[in-house]
Novice: 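Got a structure for you, questions after.
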Amino acid sequence: MADVTFTVDGKKLTAPAGTLLIEACRKAGIEIPAFCYYPGLSLQAACRMCVVRQEKVPKLQTACTVQVGEGQSFITESPEITQARKATIELLLGNHPLDCPVCDAGGECELQDMTFKYGAGESLYVEAKQHREEQKWSPAVYFDRPRCILCYRCVRMCGEGMDVWALGIQNRGASAIIAPNGGDHLDCEQCGMCIDACPVGALTSGTYRYKTRPWEMNHVATVCTHCGDGCKTTLGIRQVNDGAEIVRADNRDKSGINGDFLCAKGRFGFDFVESADRLTKPLIRNAAGKLEPATWEQAIRLVASKFKEVRDRNSDKASSSSIGVIGSNTTTNEENYLLQKFARTALNTNNIDHERTTDYAGFAHALAGTTGRTASLRDTQTAKAVLLIGGNPTEEHPLLAWNLRTNFRLNQSRLYITTDSPIKLERQAIKSLQLPVGLESNGYEAFTEFLNGSDSAIEATSEAKSFREAIEAEESLIVIFGEEYRGQAIESLVKWGLKKAGVKFAYLGDYANSRGAADMGLLPNLLPGYVPVASPAAFTEEYIGLPTAPGKNAVEIFDAAGNGELGALYVVGSNPVATFGVNPAALKSTFVVVQDIFLTETAALADVVLPSASLYEKTGTVTNSYGDVQLAKKAADKAGVKPDFEIIVRIAGGMGIDVKKLVPFGKTNGVSADMGQSRGAQSGEADRHAVWLTANHLEPRLSPFDPLAVLDEIERLIPAYKLDRLNLFGGNDVASEPGFVPVSSIASARDLILPSHDGLFTSGILGAHTVALQELNQYQHQFEHPVVTETAAD
């Protein structure tokens, strides 16, 4: 729409015609108070707090419903308006319990703020307050009815935002109350968005309530450690005797890639950090075969000497090394990069892999030589048309599902869905096509053939042809798919899309850094950036002694162990014994080192176990499924554990490796310093490391334990990671681009994809140690019911 000019409090403003006055004012820095208004949700106009005076209009108007027009004039602050807002607050306080000293929202309550601002110290309403007992609607959500001001934000958030409709209204008029549609309980996705939307303390969190006060916490913005969407989460941190604990997770400042959204895992699934099952001391297997506690010095010395012994014992062999390395989907990019560099240059092995949940190498191969063909997560917020193939984002990628619903509701985007079973998002789909079960080939590969014009690939019904014609008619389209496509199937799908100028792709992985693990070269045949080890190019100068023969993948590593050919196995942040169903006897002649958060099935078989920090306890970057790179900041702290980055450096130091060649820090090789801006609430590690640096005659300006010390090298060697640091360190997401890989450089690889299919309340190893998610999972099992595919009410 064309811009119009109007006046607010004597200032000339410009905004597109039809913009709500409250939004136009907020963008211009003029704050208008409101309780019921919430950006993106339908208008309620119930609270009357946003009243303003409009020129030539006899009565006060609500700024949340007035649309700006050319030449209009408004007054937002005057004695008349102040009195009107004060009267509204007096009415709201008429039955409010005034329990700010104990209310969880105290210090963060919009009603409290407005009462302070407008000075409603007395009320004309003197009736006795109506007390009602607090209600537990679910393990995650509690409701205190007297505090509710009936703004209906929670009802609209649950219905319009989440498309769940678990909340509604009982009674009418002065007797109206917010209530679950399930009677006395919430049957929903337990996202907790209703809690965040609530402007007062009527809805409170089951994991946070009565634990602390807002002003007692530090707040650290970091990246959620669970699924591949990579939501920004703000962690509330409180100091405790053995470090710093997380007491709350939310995103109330509505910043970052996810705006105001968080799912149940992001909001409630942080208590694994304080689990009693956490490893806090290194363990060494003794002569009796039992794991017993040891010091870090003892453990590092043993690991370093054994790795050196096994490496040197096999150095004269023409065959590949007898050391295997398995990396993680949840460690940072810097840690993954360092791990593969350590493996290749210090352990002299390309036997390196990770638990692959998606074929990102195949995706990079398919896009090789192209640019601008990958979609960021932000693109799904505004795309005019989206083709979703397979998967169920509501369960496995909640932020993507939120974006698709919001885009449909606010922008009337066109969503096309093809799956082999019904999913909830079909409510927003303009067209959906269910693939028949029992096709000779993979149904999704057959669908690609159908898109390419083969009517015989699937049953070419009129519905299917109409679906294809509608997609072909779209001028711009984001194609989103997941683990259903691998290897050649990805290439066929991408090849179809590349024929159209406006098609972009997004490939969904499972965990917080599944994409980063592949991008950083945790693969036996590919270096960081998917550069083949046989043609290392620029890596030749940086990786002294790099073996150029492809190594063994994860399955081949365990096969070698079973054949007695694997001298040592180094596992970082993963549980391959459980994932690949490895027979424990296969590792009896292999020296096994595991560094992890918990004593997993793999760690239980290890000779040495090293306790590592979680993603919430360290600094670095992670890459979500869409290639968006974000900065994870250290928030919590746990005595006895160390970041994976530091453990790797210490092992390398123990082996006699020149640490400066492994980690380019200091003024000799380092280009730019961290300057401390990424260390979050904890800033003492640099001082602690200074002792080690001095003892090793190293320059203390930058630490080899600082993960960002290798970021320069990552950017220098991986063209896809030319990052905008100003935005990255400012807390924003920065897109990477996988399409720089030479077309002929990636050979086909054996399919080792093992998707986890974690749902809303499960999260691999972390989920098994998260009490809050386990409670929610158990609670929701009571209400399991099939997907309802009727049209959404909005």
Side-chain angles (χ1 to χ4, degrees), residues 222-223 225-226 242-244 246 270 272-284 291 293-300 302-304 307 325-340 342-343 354-355 511-513 516-517 520 522 569-577 592-620 622 632-654 663 682 685 688-689 704-707 763-766 768-770:
T222 185
V223 182
T225 190
H226 293 292
D242 64 343
I246 304 169
F270 56 78
F272 69 87
V273 172
E274 295 301 320
S275 170
D277 299 331
R278 281 290 298 270
L279 294 167
T280 56
K281 290 182 178 178
L283 303 173
I284 295 177
L291 287 171
T295 66
W296 272 103
E297 288 71 20
Q298 291 171 327
I300 294 294
L302 175 59
V303 172
F307 279 174
V325 178
I326 307 291
S328 172
N329 284 311
T330 56
T331 48
T332 66
N333 286 328
E334 291 73 20
E335 289 171 334
N336 291 335
Y337 179 87
L338 183 68
L339 177 63
Q340 62 82 34
F342 169 73
H354 67 288
E355 295 178 358
Y511 292 116
N513 207 26
M520 293 300 121
L522 293 184
L569 175 65
Y570 184 26
V571 179
V572 178
S574 63
N575 188 17
V577 168
V592 180
V593 178
V594 174
Q595 62 190 51
D596 210 320
I597 304 172
F598 300 105
L599 193 67
T600 62
E601 288 87 343
T602 307
L605 302 175
D607 296 283
V608 180
V609 180
L610 304 172
S612 60
S614 73
L615 187 60
Y616 292 154
E617 298 162 325
K618 56 192 173 187
T619 295
V622 292
K633 294 183 180 179
K634 180 175 181 177
D637 202 2
K638 188 76 173 175
V641 307
K642 294 183 184 299
D644 293 287
F645 195 95
E646 179 179 341
I647 297 172
I648 297 168
V649 173
R650 286 186 182 275
I651 293 173
V663 183
Q682 315 303 318
E685 66 258 45
R688 295 197 296 273
H689 293 155
F705 303 132
D706 189 336
S763 181
I765 296 171
L766 297 183
H769 297 275
T770 306

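Residue numbers start at 1 and run along the sequence shown. Only heavy atoms go into these numbers, but all of them, side chains included; no hydrogens, no water, no symmetry mates.
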Novice: What closest approach, in Å, do Ser612 and Asp644 show between heavy atoms, and which atom pair accounts for it?
Specialist: CB-OD1, 3.3 Å

Novice: Can you find a heavy atom in the side chain of Ile647 that is under 4.5 Å from one in the side chain of Arg650?
Specialist: no

Novice: What closest approach, in Å, do Gly573 and Thr330 show between heavy atoms, and which atom pair accounts for it?
Specialist: O-OG1, 4.4 Å

Novice: Taking the side chain as every heavy atom from C-beta outward, state whether Val325 and Leu339 have any atom pair closer than 4.5 Å.
Specialist: yes

Novice: Is the side chain of Ser328 donor-acceptor paired with the backbone N or O of Ser574 at a distance under 3.5 Å, no angle test?
Specialist: no

Novice: Quick one: closest heavy-atom pair of Val663 and Leu338, and the distance?
Specialist: CG2-CD1, 3.8 Å

Novice: Between Ala606 and Val594, what is the shortest heavy-atom contact and its length?
Specialist: CB-CG2, 3.8 Å

Novice: Ring centres of Phe270 and Tyr616 under 6.0 Å apart?
Specialist: no

Novice: Using modelled atom types only, decide if a donor and an acceptor are shared between the side chain of Glu646 and the backbone of Pro643 within a distance under 3.5 Å.
Specialist: no

Novice: Write down the atom of Ala244, the atom of Ala636, and the distance for their closest heavy-atom approach.
Specialist: O-CB, 3.4 Å

Novice: Looking only at the side chains, is there a donor atom on one of Thr602 and Asn575 sitting less than 3.5 Å from an acceptor on the other?
Specialist: yes

Novice: Between Thr222 and Lys633, is there a donor-acceptor pair closer than 3.5 Å when you use the side chain of the first and the backbone of the second?
Specialist: yes

Novice: Quick one: are Val571 and Pro576 in side-chain contact, heavy atoms under 4.5 Å?
Specialist: yes

Novice: Salt bridge check: are Glu335 and Lys618 linked by an N-O gap of less than 4.0 Å?
Specialist: yes

Novice: Ignoring hydrogens and angles, tell me if any N or O in the side chain of His226 forms a donor-acceptor pair with the backbone of Ser763 under 3.5 Å.
Specialist: no

Novice: Say whether Asn336 and Thr331, considering side chains only, have a donor N or O and an acceptor N or O under 3.5 Å apart.
Specialist: yes

Novice: Do the side chains of Ile300 and Ile651 get nearer than 4.5 Å, heavy atoms only?
Specialist: yes

Novice: Does Ile597 reach the side chain of Ser614, with side-chain heavy atoms less than 4.5 Å apart?
Specialist: yes

Novice: Only one of Lys634, Arg278, Lys642 passes salt bridge (Lys or Arg N to Asp or Glu O under 4.0 Å) with Glu617; say which it is.
Specialist: Arg278

Novice: Is the shortest heavy-atom distance from the side chain of Pro282 to the side chain of Pro293 under 4.5 Å?
Specialist: no

Novice: Any sub-3.5 Å donor-acceptor pair from Asn329's side-chain atoms to Tyr511's backbone N or O?
Specialist: no

Novice: Could you go through the side-chain contact (heavy atoms from CB on, under 4.5 Å) check for Leu569 and Val593 one step at a time?
Specialist: CA-CA 6 Å; Leu569 175 65; Val593 178; over 6 Å; no

Novice: Roughly how far, to the nearest 0.5 Å, is CZ of Phe645 from CZ of Phe342?
Specialist: 12.5 Å

Novice: I would like to know whether Gln595 and Val609 meet side-chain contact (heavy atoms from CB on, under 4.5 Å); could you show each step before the answer?
Specialist: CA-CA 6 Å; Gln595 62 190 51; Val609 180; over 6 Å; no

Novice: Can you find a heavy atom in the side chain of Ile284 that is under 4.5 Å from one in the side chain of Leu302?
Specialist: yes

Novice: Got a donor-acceptor contact below 3.5 angstrom from the Thr332 side chain to the Gly620 backbone?
Specialist: no

Novice: Output the distance between atom CZ (Phe598) and atom CD1 (Ile765), rounded to the nearest 0.5 Å.
Specialist: 8.5 Å

Novice: When you compare the side chain of Tyr570 with that of Val303, does any pair of heavy atoms fall below 4.5 Å?
Specialist: no

Novice: So, Asp277 side chain and Leu599 main chain: donor-acceptor pair closer than 3.5 Å or not?
Specialist: no

Novice: So, does Trp296 use its side chain to make a donor-acceptor pair with the main chain of Lys281 at under 3.5 Å?
Specialist: no

Novice: Please evaluate residues Leu283 and Val608 with respect to the criterion side-chain contact (heavy atoms from CB on, under 4.5 Å), reporting the C-alpha separation (whole Å), side-chain torsions for both, the decisive distance (0.1 Å), and the verdict.
Specialist: CA-CA 6 Å; Leu283 303 173; Val608 180; over 6 Å; no

Novice: Of all the heavy-atom pairs spanning Asn513 and Asn333, show the shortest one and how long it is.
Specialist: ND2-OD1, 3.1 Å

